[in-house]
Amino acid sequence: MWQGQTPAVDYVPERCHQTFRYWWEYSGGTMTDWGAHHLDIAQWGTGNDRSGPVSIEAKPLVQMIPGGFTAYSEYEVNYVYADGVKLVVRARPLTTGVAAWSIRSASSTA
């Protein structure tokens with residue numbers, strides 16, 4: 001198995017194809033893999049594409065399994081923007097190994 005610049009490890013199917021995302025050696029999880037794309041669209045849709053959040057809180061939704069994935073596969077991140085818009089990102093893997101994203105937006109001024 002080609003591993004690029006990462007340390008040599010034994011082959012396991014989970015380090016390949018879709019689930020490579022959940023290993024820090026190959027990716028930063030779905031947040032860094034898909035996050036930029038989905039959050040960019042959400043910020044554009046809420047009118048915050050020229051700014052960033054003023055507050056971010058995140059939590060894992062599952063515990064890490066020793067010897068398993070090294071990047072969280074399920075998590076929730078809450079973003080708050082200066083105009084009161086709140087974005088909630090919740091990620092969980094599907095049976096295919098690809099993450100499903102759910103982004104909700106609500107304005108605290110509405």
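Quick note: numbers below take in every heavy atom, side chains included, and nothing from hydrogens, waters or symmetry partners. Remember, predicted model here, so these are calculated numbers, not experimental data.
- Residues R21 and A71 approach most closely at O-CB, 4.1 Å, considering heavy atoms.
- Residues V89 and Y79 form a side-chain contact, since some pair of their non-hydrogen atoms from C-beta on lies under 4.5 Å apart.
- Annotation: side chain of L61 is in contact with side chain of R90 (closest heavy-atom distance under 4.5 Å).
- Using a 4.5 Å heavy-atom threshold, the side chains of C16 and Y11 count as touching.
- By the 4.5 Å heavy-atom criterion applied to side chains, V77 and V88 are not counted as neighbours.
- Residues V62 and S73 come closest through the heavy atom pair CG2-OG, 4.2 Å.
- W23 places a side-chain N or O within donor-acceptor distance of the main-chain N or O of E14, the cut-off being under 3.5 Å.
- Counting all heavy atoms, side chain and backbone alike, T19 lies closest to P13 at OG1-O, 4.1 Å.
- Between the side chain of T70 and the backbone N or O of W24 there is at least one donor-acceptor pair closer than 3.5 Å.
- A heavy-atom distance below 4.5 Å is not found between the side chains of N78 and I56.
- Inter-residue side-chain proximity for S51 and Q43 is flagged as unmet; no heavy-atom pair is nearer than 4.5 Å.
- Residues V9 and F20 share a single hydrophobic cluster, defined by chaining ILVMFWY side chains whose heavy atoms lie under 4.5 Å apart.
- Classification of the F69-Y22 ring pair by plane angle, with boundaries at 30° and 60°, yields tilted.
- In this structure the side chain of L39 reaches within 4.5 angstrom of the side chain of M31, judged on heavy atoms.
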Between N48 and D83, does the side chain to side chain contact (heavy atoms under 4.5 Å, CB included) criterion hold? Intermediate values first, please.
CA-CA 9 Å; N48 287 293; D83 62 0; 3.4 Å; yes
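- No side-chain donor from either of T30 and Y72 sits under 3.5 Å from a side-chain acceptor of the other.
- Between the side chains of R15 and Y26, at least one donor N or O lies within less than 3.5 Å of an accepting N or O.
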